[in-house]
Amino acid sequence: MLSTFSWFFLSVKGRISRQEFGLGFFGLVLVDMLVIRISVRLDPGPRYYDSPPADDLSVLRLLLMLSLWPFAAILVKRLHDLNVSGWWALTILAIPHLAAALHVKYWIPYLALVAALSVLPGSKGDNRFGRDPLARAGI
């Protein structure tokens, strides 16, 4: 169980299906929302001029930065299922600039990307990144 869990969230090798991607992404979003909710509850309230600058490394920022790796791992494995190199995941860094150029809210392109990766079927059969996740599940 632990090895499957660590492979799913920490490894960038292999492939995952649409369902695994959707569930993993949704689960990570829920965990991040929970972390933010708890940190807001633990915060004593607004601190105006006596607060440290916004660029400090708070526990919340550290936890959210640590959650970037599992997001990247499931994104790369989903791209592998589409028979696309995981390096294309770096294009996600261009999304804020694309949103600004198109004059849309920054989260809309992210939502479109997640929706597309959740809907597009993976390549059938084994590919250069591993076995077909549907064949692995016996579907």
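Every value quoted in this text rests on a predicted model; they were computed, and no experiment measured them. Heads up: numbering here begins at 1 and tracks the sequence. No hydrogens, no waters, no symmetry mates; every other heavy atom, side chains included, goes into these values.
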(message) Quick check: is Ile16 connected to Val84 through a chain of hydrophobic side chains (ILVMFWY, heavy atoms under 4.5 Å apart)?
(response) yes

Show which side-chain atoms of residues 86-96 pair as donor or acceptor with protein atoms under 3.5 Å away, not counting sequence neighbours.
unit_1 : atom_1 : unit_2 : atom_2 : d
Thr91  : OG1    : Trp88  : O      : 2.6

(request) Indicate yes or no for a side-chain donor-acceptor contact from Asp132 to the backbone of Lys124 under 3.5 Å, with no hydrogens or angles considered. (result) no

(request) Could you note down all residue pairs passing salt bridge (Lys or Arg N to Asp or Glu O under 4.0 Å) where residues 67-96 supplies at least one of them, sequence neighbours left out? (result) Arg15-Asp81, Arg78-Asp81

(message) With clusters defined by side-chain heavy atoms of hydrophobic residues (ILVMFWY) lying less than 4.5 Å apart, directly or transitively, does Leu82 cluster with Phe21?
(response) yes

Compile the donor-acceptor pairs under 3.5 Å between side chains in residues 105-121 and protein atoms, sequence neighbours left out, one pair per line.
unit_1 : atom_1 : unit_2 : atom_2 : d
Ser118 : OG     : Val114 : O      : 2.8

(message) Using the side-chain contact (heavy atoms from CB on, under 4.5 Å) criterion, which residues pair with Asn83? Sequence neighbours excluded.
(response) Ser123, Asn127, Arg128, Phe129

(request) Could you list all the salt bridge (Lys or Arg N to Asp or Glu O under 4.0 Å) pairs where at least one residue sits in residues 19-30, not counting sequence neighbours? (result) Glu20-Arg136

(message) I need the Leu23 CG to Arg18 CZ distance, nearest 0.5 Å.
(response) 12.5 Å

Donor-acceptor pairs are to be reported for all side-chain atoms of residues 67-75 against protein atoms at under 3.5 Å, with residues two or more places apart or in another chain.
unit_1 : atom_1 : unit_2 : atom_2 : d
Ser67  : OG     : Asp32  : OD1    : 3.2
Ser67  : OG     : Asp32  : OD2    : 3.2
Ser67  : OG     : Leu64  : O      : 2.7
Trp69  : NE1    : Leu10  : O      : 2.7

